[in-house]
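In this text, all values refer to a predicted model and were calculated from it rather than measured experimentally. Note: hydrogens, waters and symmetry copies are ignored here, and every other heavy atom, side chains too, is used.
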Amino acid sequence: MITVFGSINMDLIATTARLPKPGETVAGNGFSTAAGGKGANQALAARRAGRTVHMAGAVGRDGFAEAALALLKEAGTGLETVKQADEPTGTALILVGGDGENMIAVVPGANGTMTPADADAAIAAMNKGDILMLQLEVPGPAVERALAGAQAKGITTVLNLAPLIDDAARLGRLADIVIANETEFERLAGQETMGSDDREAALKRLNAETGQTLIVTLGADGVIAIRDGVISRAKGLKIEPVDTVGAGDTFCGYFAASLDEGLDFEASLRRAAVAGSLACLKQGAQPSIPSSAEVANKL
């Protein structure tokens, strides 16, 4: 079983011919909403990959709460550990210009109410051998408690080191498996502007120091990882991406699901990389997450 401890959002997306300058109002030409949040995205990905998944998070008592949970509910995700908070449901306000550039403001809302007590409640429902997946869109103290509680019960922890908060590097040392993009991995390693040789050396150094499994996603170049001192690589699909939003979350969810299913490490990396590629072929966040059948057809 997989439990995802993380954020639940509603994305409010407006498109304009160009982005406004400070103090300027421009006319929009489109508007849409989409359920989002890194936690919810990853939970949906793991569920679409075919595993039993529970979501631990928070929504408000407002009109966005039901919509933010709709896809998770439709997929059969367990929502028993999603609480209702007095703060509004988390939102991301997104402006997209005609050239594809965007401006985003994220309002944590209910996500910011997640506490160590909520972490304890999520861990209490888990057993040894389960997988706990986390990100950094909920408060650091809650993430830290969840990691510690999981370790005490023999639960495997997978931490996606995003977004890159100030405490990311320290929290990153507490998980069994860390998934990061290139920038996030540089923060974890305490280095800047890594080339491929630098990255491999840093992976070997950190793995020797901590014993952690480390995975770095490289966009079109696939993924590089280290486990028990052995470097592994996996490629995604050769595609022309339409929208990369949600690709990283899809990778994380499919990777956790593949481990939960019992696939070996390299097979899990490959499956997750293919799923992440397929997510780039559709517009949007959660709706872009492919089904297990779509991924299987490309393996």
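- The two residues A279 and T250 have their closest heavy-atom pair at CB-OG1, 3.6 Å.
- Counting only N and O atoms by type, the side chains of R271 and S258 include a donor and acceptor under 3.5 Å apart.
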>> Does R233 form a side chain to side chain contact (heavy atoms under 4.5 Å, CB included) with E200? I'd like the steps, not just the answer.
In response: CA-CA 11 Å; R233 292 179 173 83; E200 186 167 331; 2.7 Å; yes
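- With Q212 contributing its side chain and A175 its backbone, the two residues share a donor-acceptor pair below 3.5 Å.
- Under a hydrophobic clustering in which Ile, Leu, Val, Met, Phe, Trp and Tyr are joined whenever their side-chain heavy atoms come within less than 4.5 Å, directly or via other members, V223 and V158 fall into the same cluster.
- Every residue two or more places apart in sequence or in another chain that forms a side chain to side chain contact (heavy atoms under 4.5 Å, CB included) with A267 is listed here: L263, D264.
- Taking the side chain as every heavy atom from C-beta outward, S268 and Y254 never approach each other to under 4.5 Å.
- The shortest distance between side-chain heavy atoms of Q191 and F185 does not fall below 4.5 Å.
- To the nearest 0.5 Å, atom OG1 of residue T91 and atom CD1 of residue I94 are 10.0 Å apart.
- Considering every non-hydrogen atom in both L19 and L95, the closest pair reads CD2-O, 3.7 Å.
- Listed for the E186 side chain is a donor-acceptor partner under 3.5 Å among the backbone atoms of M194.
- When the shell of 6.0 Å around CD of E209 is examined, it contains more than 12 heavy atoms from other residues, nucleotides or ligands.
- N207 places no side-chain N or O within 3.5 Å of a backbone atom of K204 that could act as its donor or acceptor partner.
- With hydrogens and angles disregarded, a donor-acceptor distance shorter than 3.5 Å links the side chain of T15 to the backbone of G30.
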> Where do D86 and R61 land on the side chain to side chain contact (heavy atoms under 4.5 Å, CB included) test, with the steps shown first?
Replying inline: CA-CA 6 Å; D86 291 332; R61 304 179 190 277; 3.1 Å; yes
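- Shortest non-hydrogen contact noted between A65 and G60 is CB-O, 3.4 Å.
- With a 4.5 Å cut-off on side-chain heavy atoms, L269 and S232 count as touching.
- Counting all heavy atoms, side chain and backbone alike, D11 lies closest to A92 at OD1-CB, 3.3 Å.
- Linking ILVMFWY residues whenever their side-chain heavy atoms come closer than 4.5 Å, directly or via other members, leaves L164 and F251 in distinct clusters.
- Note that NE2 of H54 and CG of L72 are 12.5 Å apart. Values are rounded to the nearest 0.5 Å.
- Of all the heavy atoms in L44 and A75, the pair that sits closest is CD1-CB, 3.6 Å.
- Side-chain contact of E87 with T113: a donor-acceptor pair under 3.5 Å is absent, judged by distance alone.
- Cluster membership check: V59 does not share its hydrophobic cluster with L134, using side-chain heavy-atom separations under 4.5 Å among Ile, Leu, Val, Met, Phe, Trp and Tyr.
- Between the CZ atom of F255 and the CD1 atom of I131 there is a distance of 8.0 Å, given to the nearest 0.5 Å.
- Side-chain contact check for L171 versus R173: every heavy-atom pair is 4.5 Å or farther apart.
- The NZ atom of K38 lies 12.5 Å from the CG atom of N111; values are rounded to the nearest 0.5 Å.
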> Taking it one step at a time, do V216 and L203 satisfy side chain to side chain contact (heavy atoms under 4.5 Å, CB included)?
Replying inline: CA-CA 9 Å; V216 185; L203 282 167; 4.0 Å; yes
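- The one candidate from T210, T213, T156, T157 that meets the side-chain hydrogen bond (donor to acceptor under 3.5 Å, both in side chains) condition with D176 is T157.
- Side-chain contact, T89 with D62: a donor N or O sits under 3.5 Å from an acceptor N or O.
- Using a 4.5 Å cut-off on side-chain heavy atoms (C-beta onward), L93 and I104 make no contact.
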>> Quick one, L136 with L161, criterion side chain to side chain contact (heavy atoms under 4.5 Å, CB included). Give me CA distance, side-chain angles, the key distance, then yes/no.
In response: CA-CA 7 Å; L136 300 176; L161 210 66; 4.2 Å; yes
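- The minimum heavy-atom distance linking M1 with A125 is given by the pair CE-O, 4.0 Å.
- Heavy atoms of other residues, nucleotides or ligands lying less than 6.0 angstrom from CZ of F64 number 12 at most.
- Checked against salt bridge (charged side-chain N to carboxylate O under 4.0 Å, His left out), R170 has the following partners two or more places apart in sequence or in another chain: E144, D167.
- No donor-acceptor distance shorter than 3.5 angstrom exists from the side chain of D260 to the backbone of A257, with no hydrogens or angles considered.
- Using a 3.5 Å distance cut-off with no hydrogens or angles, the side chains of T217 and N181 do not pair a donor with an acceptor.
- A 6.0 Å sphere centred on CG of D166 holds no more than 12 heavy atoms belonging to other residues, nucleotides or ligands.
- Of the possible donor and acceptor atoms, one in the side chain of S277 sits under 3.5 Å from a partner among the backbone N and O of L237.
- With R205 contributing its side chain and A189 its backbone, the two residues share a donor-acceptor pair below 3.5 Å.
- Linking Ile, Leu, Val, Met, Phe, Trp and Tyr residues whenever their side-chain heavy atoms come within less than 4.5 Å leaves I177 and I226 in two separate clusters.
- A side-chain donor-acceptor contact under 3.5 Å links D249 and Q42.
- Applying the 6.0 Å contact sphere to CD of E66 captures no more than 12 heavy atoms from other residues, nucleotides or ligands.
- Using a cutoff of 4.0 Å between basic side-chain nitrogens and carboxylate oxygens, R48 and E294 are not scored as salt-bridged.
- Not a single donor-acceptor pair under 3.5 Å links the side chain of N41 to the backbone N or O of G36.
- In this structure, the side chains of R51 and I2 come closer than 4.5 Å at one or more pairs of heavy atoms.
- Taking hydrophobic clusters as Ile, Leu, Val, Met, Phe, Trp and Tyr residues chained together by side-chain heavy-atom distances below 4.5 Å, F5 shares a cluster with V178.
- Considering only heavy atoms from C-beta on, N160 stays 4.5 Å or farther from M133 through its side chain.
- The shortest side-chain heavy-atom distance between Q135 and V4 falls under the 4.5 Å cut-off.
- Between R47 and E74 there is no salt bridge, since no side-chain N of the basic residue sits under 4.0 Å from a carboxylate O of the acidic one.
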Which donor-acceptor pairs under 3.5 Å do side chains of residues 146-155 form with protein atoms, sequence neighbours excluded?
from : atom 1 : to   : atom 2 : distance (Å)
K153 : NZ     : I123 : O      : 3.0
K153 : NZ     : M126 : O      : 2.6

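- Under 4.0 Å is where a charged nitrogen must lie from a carboxylate oxygen, and between R270 and E266 no such pair does.
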